[in-house]
Amino acid sequence: MTNVSKIRVVVMGGPRVGKTAVVVRYLTKRYIGEYSSNVDFLYKHNVTFDTLLTEVEIMDTSMCAKSGCYYEHIRWGEAFVIVYSIIDKHSFNEAKEILGELVKLKLPSYYASLLLGNKRDLDHSRKICIDDGHELSLKYGCQFYEVSAAEHFAGVSLAFHSLLKEARSVLLLRSLPIRRRLGVNSVSKVLGNIFGKNSKGDRKKRPSLSI
């Protein structure tokens, strides 16, 4: 059986959206307050899929990535978490730009992506509705979740697990010998069967959660 031993994840998004809070909540179940950093942090984490151990490297990108060094992060990564704040319209627009860059720099079906709306606990100050997030995720074929890193571990954990599951499927299909790959109609179709990706005539939403 082909084994995927490592998955590289990049967490991106505008300032003050809670990127580090989301990552730390997933890795430790603890919540940390927001803070700004000019340094990227690389975390290593092990996940078991079907009794097989997989190393996950998570790159928590700094604010300096806004200046244009997202190029290297996107080239490096195989799975992407694009975080925005549901109370900040500008952060949602930045998420759109990042998803657009992903499409330009990565080959179709060669990566997995997750649009993550954070700060669900501040729903009373919401500026971005859930439908906006759904529509953007449909446009770029990515998963979509709304979570509160400040209040809940479960939502963040489920979102990351779903992304890693899809990323592993993408990498497994890429690692197949060419003849076996040709026997599969397309990576997109296979993943569509697993995760409910939509075709042009099917506006079915991908995995999503608001918690």
Side-chain angles (χ1 to χ4, degrees), residues 8-23 26 34 36-37 40 58-123 125-149 155-156 159-160 162-163 166-167 170 188 191-192 195-200 202-211:
R8 296 193 295 263
V9 181
V10 183
V11 180
M12 299 181 286
R16 298 180 297 279
V17 297
K19 297 187 295 295
T20 300
V22 165
V23 173
Y26 168 65
E34 298 177 8
S36 299
S37 174
D40 296 336
I58 302 178
M59 177 72 72
D60 178 12
T61 60
S62 66
M63 288 180 61
C64 77
K66 261 189 89 178
S67 64
C69 52
Y70 269 149
Y71 177 86
E72 293 299 328
H73 291 116
I74 291 175
R75 289 298 187 188
W76 178 83
E78 295 154 337
F80 302 88
V81 181
I82 298 90
V83 186
Y84 69 91
S85 166
I86 69 165
I87 64 171
D88 183 351
K89 288 184 178 180
H90 183 67
S91 71
F92 187 69
N93 291 331
E94 287 193 62
K96 289 181 184 179
E97 293 178 8
I98 295 170
L99 287 168
E101 289 300 308
L102 275 173
V103 170
K104 293 177 184 177
L105 296 174
K106 304 293 282 190
L107 292 174
S109 300
Y110 266 56
Y111 66 93
S113 56
L114 162 68
L115 178 63
L116 192 68
N118 188 30
K119 306 191 180 183
R120 178 70 179 80
D121 53 299
L122 301 178
D123 194 66
S125 300
R126 177 187 289 274
K127 298 293 193 299
I128 307 299
C129 69
I130 295 176
D131 286 344
D132 290 335
H134 275 303
E135 287 302 313
L136 186 60
S137 68
L138 287 169
K139 179 179 179 180
Y140 287 100
C142 60
Q143 298 186 43
F144 168 63
Y145 289 80
E146 267 195 10
V147 300
S148 168
V156 174
F160 268 86
S162 184
L163 174 71
E166 180 176 356
V170 169
S188 297
L191 292 178
F195 296 101
K197 277 189 175 181
N198 57 293
S199 64
K200 291 182 179 178
D202 180 11
R203 298 292 285 177
K204 182 179 178 181
K205 289 181 173 64
R206 304 211 49 211
S208 61
L209 174 74
S210 182
I211 185 170

*Asks:* Between Glu101 and Ile98, is the side-chain contact (heavy atoms from CB on, under 4.5 Å) condition met? List the steps.
*Replies:* CA-CA 5 Å; Glu101 289 300 308; Ile98 295 170; 5.6 Å; no

*Asks:* So, for Ile87 and Ser125, which heavy atoms are closest and what is the spacing to 0.1 Å?
*Replies:*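 Distance-wise, the nearest heavy atoms are CG2-O, 3.4 Å.
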
*Asks:* Using side-chain contact (heavy atoms from CB on, under 4.5 Å), reason through Asp121 and Lys119 one step at a time and then give a plain yes or no.
*Replies:* CA-CA 5 Å; Asp121 53 299; Lys119 306 191 180 183; 4.3 Å; yes

*Asks:* Is any side-chain heavy atom of Lys89 less than 4.5 Å from a side-chain heavy atom of Ile128?
*Replies:*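 Yes, at least one pair of side-chain atoms sits under 4.5 Å.
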
*Asks:* Looking at Gly117, is its backbone amide N or carbonyl O close enough to the side chain of Glu146 to form a donor-acceptor pair, meaning the two atoms are under 3.5 Å apart?
*Replies:*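 No; zero donor-acceptor contacts below 3.5 Å.
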
*Asks:* Hey, are the side chains of Leu116 and Leu163 touching, using non-hydrogen atoms and a 4.5 Å cut-off?
*Replies:*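 They are not in contact (no side-chain heavy atoms under 4.5 Å apart), so the answer is no.
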
*Asks:* Taking all non-hydrogen atoms of both residues, which atom of Pro15 and which atom of Glu94 are closest, and how far apart?
*Replies:*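 So the minimum-distance heavy-atom pair works out to CD-OE2, 3.8 Å.
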
*Asks:* Is there side-chain contact between Glu135 and Leu138, with at least one heavy-atom pair below 4.5 Å?
*Replies:*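 Contact flag for Glu135/Leu138 side chains = yes.
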
*Asks:* Do any N or O atoms from the side chain of Asn118 and from the backbone of Val83 form a donor-acceptor pair under 3.5 angstrom?
*Replies:*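 No.
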
*Asks:* Hey, are the side chains of Ile58 and Phe160 touching, using non-hydrogen atoms and a 4.5 Å cut-off?
*Replies:*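 Of all side-chain heavy-atom pairs linking Phe160 with Ile58, at least one is under 4.5 Å.
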
*Asks:* Report the relative orientation of the aromatic rings in Phe144 and Tyr84; use parallel for angles under 30°, tilted for 30 to 60°, perpendicular for over 60°.
*Replies:*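 Aromatic pair Phe144/Tyr84 classed parallel.
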
*Asks:* Inspect the contact between Glu72 and Arg75 and indicate whether a charged nitrogen and a carboxylate oxygen are less than 4.0 angstrom apart.
*Replies:*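 No, this pair does not count.
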
*Asks:* To the nearest 0.5 Å, how far apart are CD1 in Ile82 and SG in Cys142?
*Replies:*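 One finds 6.0 Å between CD1 of Ile82 and SG of Cys142.
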
*Asks:* Okay, side chain of Ser162, backbone of Ala159: is any donor-acceptor separation there less than 3.5 Å?
*Replies:*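 No, Ser162 side chain to Ala159 backbone: no donor-acceptor pair under 3.5 Å.
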
*Asks:* Under a 3.5 Å distance rule, please check whether Lys96 uses its side chain to pair with a backbone N or O of Leu136 as donor and acceptor.
*Replies:*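 Checking the backbone N and O of Leu136 against the side chain of Lys96, no donor-acceptor pair under 3.5 Å is found.
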
*Asks:* I want to check something: taking the side chain as every heavy atom from C-beta on, are Arg126 and Arg120 in contact at a cut-off of under 4.5 Å?
*Replies:*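 Arg126 reaches Arg120 side chain to side chain.
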
*Asks:* Go through the steps to decide whether Lys19 and Thr61 satisfy the test side-chain contact (heavy atoms from CB on, under 4.5 Å), and finish with yes or no.
*Replies:* CA-CA 8 Å; Lys19 297 187 295 295; Thr61 60; 4.1 Å; yes

*Asks:* Could you tell me whether the side chain of Ser91 and the main chain of Ser85 form a donor-acceptor pair under 3.5 Å?
*Replies:*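 It does hold such a pair.
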
*Asks:* Out of curiosity, Leu122 CG to Ser148 OG, how far, rounded to the nearest 0.5 Å?
*Replies:*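 Separation between the atoms: 7.0 Å.
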
*Asks:* Classify the angle between the aromatic ring planes of Phe80 and Tyr111 as parallel (below 30°), tilted (30 to 60°) or perpendicular (above 60°).
*Replies:*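 Aromatic pair Phe80/Tyr111 classed perpendicular.
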
*Asks:* For the residue pair Ala149 and Val22, what are the closest heavy atoms and their distance?
*Replies:*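 Minimum heavy-atom separation between Ala149 and Val22: CB-CG2, 3.9 Å.
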
*Asks:* Please find the pair of heavy atoms, one from Leu115 and one from Ala95, that lie closest to each other, and give the distance.
*Replies:*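 Heavy atoms of Leu115 and Ala95 come nearest at CD1-CB, 4.0 Å.
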
*Asks:* Roughly how far, to the nearest 0.5 Å, is NE2 of His73 from CE of Met12?
*Replies:*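 Between atom CE of Met12 and atom NE2 of His73 there are 8.5 Å.
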
*Asks:* Output yes when a side-chain donor or acceptor of Asp40 lies under 3.5 Å from a complementary backbone atom of Ser62, and no otherwise.
*Replies:*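 Yes: the side chain of Asp40 pairs with the backbone of Ser62.
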
*Asks:* State, with a plain yes or no, whether a side-chain heavy atom of Ile74 is found less than 4.5 Å away from one of Lys106.
*Replies:*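 Touching, per the 4.5 Å side-chain cut-off.
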
